[in-house]
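Below is one structure, written out as structure tokens, with a few remarks after it.
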Amino acid sequence: MAEAGAGRDPARQAELAARLAGVRERVAAACAAVGRQPGELTLVAVSKTRPASDVALLRDLGLGDFGENKDQEARAKAAEVPDVRWHVVGRLQSGKARSVVAYADVVHSLDRPRLAHALSDAAERAGRTLEALVQVSLDGDPERGGAVHADVPALADLVAELSGLRLGGVMAVAPLGADPRTAFARLAEIAQELLRQHPDARTVSAGMSGDLEDAVAEGATCLRVGSALFGPRPPLLR
Ligand SMILES: *Cc1c(COP(=O)(O)O)cnc(C)c1O
């Protein structure tokens, strides 16, 4: 297979470099405002709808973490650019567990026991351990995924017990129309509760292109950034 990004486009490379620098400046300023260090944060480039060539260009610019929200698209891109860490950030059907285990390092969207069992079984069969974050629903809207707050402790305990999974922490998306800072403050409280039972589950995945400053201010350790890095996605495509 041809290396993705071979025959690279210098104009696209320059655009991605400028966008990456802009995102890094935003992260640095947000950290400075609250006395944090940018090194405390992992930047996951959410490459959904973008070609593998863009992933290869950003990898060459120094990024090592990429996120996707659809299994089929993720699997294809991971096959083209295998030498980075792949994060699944979208809603996941249990039936995709075997596929996901073949390429993903971290699943951010674990939100129900059945999915936890499916991922753990698939990981065990593949002889590996998958990192999983419990996705928290901050508005209780089941359509958008995530476990409601009351269900988080038991789900986290289950993930910690299953031998194919390692509990990494929590993830959330700010509810539509809500103040993201307030939403991420709630997530931070839930993350603190989790840490009392699971002291190694330190990841707090929060913050996207539009609200990464709020996430940094509320203690996020992982930002999932798409359009600020790649440019606006075409309308109607998530
Ligand atoms: C698309 C997506 C992102 C990135 O969104 P942008 O606004 O493009 O930065 C982050 N998290 C999830 C779960 C997503 O689906």
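Only heavy atoms go into these numbers, but all of them, side chains included; no hydrogens, no water, no symmetry mates. Counting convention: from 1, in listed order, for ligands and their atoms alike.
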Q: Walk me through it: do E15 and R12 pass the test salt bridge (Lys or Arg N to Asp or Glu O under 4.0 Å)?
A: CA-CA 5 Å; E15 184 189 344; R12 184 62 177 155; 3.1 Å; yes
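- Each of the atoms 9 (O) of ligand 1 lies under 4.0 Å from some heavy atom of V225.
- Side-chain contact between D71 and V88: absent, with no pair of heavy atoms (C-beta onward) separated by less than 4.5 Å.
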Validation: residues 163-173 side-chain donor-acceptor distances under 3.5 Å, sequence neighbours left out:
from, atom 1, to, atom 2, distance (Å)
S163, OG, E124, OE2, 3.0
R166, NH2, E131, OE1, 3.2

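- At least one N or O atom of G226, backbone or side chain, sits closer than 3.5 Å to an N or O atom of ligand 1.
- Partners of R181 by salt bridge (charged side-chain N to carboxylate O under 4.0 Å, His left out), not counting sequence neighbours, listed by chain and number: E218.
- Atoms of ligand 1 found under 4.0 Å from any heavy atom of S227 (numbered from 1 in listed order, with element): 6 (P), 7 (O), 8 (O), 9 (O).
- Residue nearest to atom 1 (C) of ligand 1, selected from Q135, K48, M208: K48 (by heavy-atom distance).
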